Amino acid sequence: MSAATSGALAAEGNGMSALRVAILGLGMGASHARAYREIEGVRVVAACDTDPARLAAFARENGVSVTSADYREIVTRADVDVVSVCTPDHLHYEHCRLALDCGKHVMCEKPMVTTLDDARELVQRVRSTGLAFAVGNVNRFVPHFSAVKRMVETGRLGDLFFVESDYIHDMRRVYQRTPWRIDARNPQNAWLGGAVHPVDLVRWIAGDVDEVMLYSNKCTSAPEFPLPDNYIATLKFRSGCLGKVWETSGIRRWPEHVVNLNAYGSMGTAMSNTLEMQIRAWLDPDMPGQADATVIPFVRTVGHPVRAELEDFVDAIRGGRSPRVGVEDGAKTVATLVAGLRSSETGRPERVEPID
Ligand SMILES: NC(=O)c1ccc[n+]([C@@H]2O[C@H](COP(=O)([O-])OP(=O)(O)OC[C@H]3O[C@@H](n4cnc5c(N)ncnc54)[C@H](O)[C@@H]3O)[C@@H](O)[C@H]2O)c1
C-alpha cells in the first residue's frame, strides 16, 4: 500500500472523508502531488497534461488511473473535490474558472492570473461559491520570511518606513526544461511570473500598495527569452511606507536563484534571503551599543514550504476558512503587478486599481 493510500484510509477510518485531488500541469504539479501525499486524508486521483509522456510517467509513479490531455474531462468529474492548477501562467484563469464553476476547491499556482479583469472575475466567483481558493505565493511559508513578518507585526522594528524584496533568478536552465516560458506565441511575462514573489512579500509585510513606478530592460545573457527580463520598481504603500522590488531573470549567476526580504523600521532592521536560511537583525533599542547584526539561524528541515502551503489549503477546506494566501491577496498582487506594467508603458507612476 502506498503512503498516499494508507494516509487517506487512516483519515477515512477516523470518520474524515478523503479529499480527492486532480492536478493540471505536471511540472510544479508533481511537487504538489509529493506534498499532498504527505497530508493525511488527501488522495491524488486524477491528472492532466498535454504532454503524453509526462502524463504517463506521472500516472505510473503516483498510481493515478484517471488521466487526460483535456482539462475539461478531469475538472468536470464528480469524483474530484479539489483541483491544483499548475499549468502555464496564461491558462490559470480558464482552468480555475471551470474548476470553480464545477464546485471544486482550487489551489492555483502563482501568478493567480495575468490580467486585472480575470483577477476580479475570480474574486467574484470565489465569493459567490464559498469554495476555498489558495494562491501559490509559497514564499509566505518560508519560516525566516514568516519570522520577519512577525517582527514587523509585533512592533520589534518600530514604524516601518522601507521594505524591499528581490527575485534574482538565472533562468537559462529553467527555459530549457519549461519551453512554454520562451514560446514566442505566448511567452511568460517575467514581471508577472517572477516579480509576483517579491511583490506579494512586500504587500504582506507593508500592506496595500497605492502607486508603482516600474522600469524595465532586457538582460543580454538570455536572448532566447523574447521580452524584458530585468525590472526595477519603486512602490508607495497606503501606510506611507516606501518599497523597492527588483526582478531579474536573464542574469548569469550561481546559485541560480535567490529571494531577499529586508524590512527597515524606526527601531530596527531585519534582513533575510533564501540562500542563508537566517535573519540578520539590528535591534539597538533592545540592545544598546549593538555593534553588528544578531544572527538568527533557521533549520532547513523545518519542511518544504510547498508542503506547509498545501497543509494550510487542506486545513482551510476542512475548517471552512480562507487559505492564508486567498483569492483577494492573489488579486491585489496581480493589481499591483498590472499597475507596474502600465507604468513601464506610460513612464509615470501608476495607481493600483481596486480589485472590486
Ligand atoms: N510557486 C513556485 O515557486 C513555482 C515554481 C515553478 C513554477 N510555478 C508556476 O507553475 C506553473 C507551471 O510552471 P512549471 O515550471 O511547472 O512548468 P512546466 O512546463 O514544468 O509544467 C507545465 C505543464 O503544463 C502542461 N500544459 C501546458 N498546457 C496545458 C494544457 N492546456 N492543459 C494541461 N496541461 C498543459 C505542460 O505540458 C507542462 O507539463 C506556472 O504558472 C509557474 O509560474 C510556480
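All values derive from a computational prediction rather than experimental measurement. Counting convention: from 1, in listed order, for ligands and their atoms alike.
Residue contacts with ligand 1: Arg54 is placed with a nitrogen or oxygen under 3.5 Å of a nitrogen or oxygen of the ligand (distance criterion only). Checked by distance only, ligand 1 and Arg177 stay at 3.5 Å or farther apart across all their nitrogen or oxygen atoms.
Taking a cut-off of under 4.0 Å to the non-hydrogen atoms of His92, the atoms of ligand 1 that pass are 41 (O). The distance from ligand 1 to the heavy atoms of Gly136 drops below 4.0 Å at these ligand atoms: 1 (N).
Using a 3.5 Å distance cut-off with no hydrogens or angles, the side chains of His169 and Ser249 do not pair a donor with an acceptor. Remark: the Arg203 side chain and the Thr333 side chain contain an N/O donor-acceptor pair separated by less than 3.5 Å. Side-chain atoms of Ser68 and Glu73 form a donor-acceptor pair, as typed in the model, at a separation below 3.5 Å. In summary, the side chains of His32 and Ser84 do present a donor paired with an acceptor at a separation below 3.5 Å, with no hydrogens or angles considered. Counted by atom type alone, Ser128 and Gln124 present zero donor-acceptor pairs between their side chains at under 3.5 Å. A side-chain donor from one of Trp246 and Asn230 sits under 3.5 Å from a side-chain acceptor of the other.
In this comparison of Ala30, Cys86, Ala69, the heavy atom closest to atom 22 (C) of ligand 1 sits on Cys86. The closest heavy-atom contact to atom 14 (P) of ligand 1, among the options His197, Arg181, Met112, comes from Arg181.
Using 4.0 Å as the threshold, Gly193 has no heavy atom nearer than that to any atom of ligand 1. Note on ligand 1: Trp180 sits in its first shell, one or more heavy atoms being nearer than 4.0 Å. Heavy-atom separations between Thr50 and ligand 1 include at least one value shorter than 4.0 Å.
Using a cutoff of 4.0 Å between basic side-chain nitrogens and carboxylate oxygens, Arg20 and Asp79 are not scored as salt-bridged.
Residue, atom and distance of the protein heavy atom nearest to atom 23 (C) of ligand 1 are Asp49 OD2, 3.5 Å. With respect to atom 41 (O) of ligand 1, the closest heavy atom belonging to the protein is Asp89 OD1, 2.6 Å. The nearest heavy-atom contact from the protein to atom 6 (C) of ligand 1 is Met28 SD, 3.8 Å. The protein heavy-atom contact nearest to atom 1 (N) of ligand 1 is Glu109 OE1, 2.9 Å.
Here the closest non-hydrogen pair linking Arg324 and Asp329 is O-OD2, 3.9 Å.
A distance of 10.0 Å separates CD in Glu247 from CG in Leu192, rounded to the nearest 0.5 Å.
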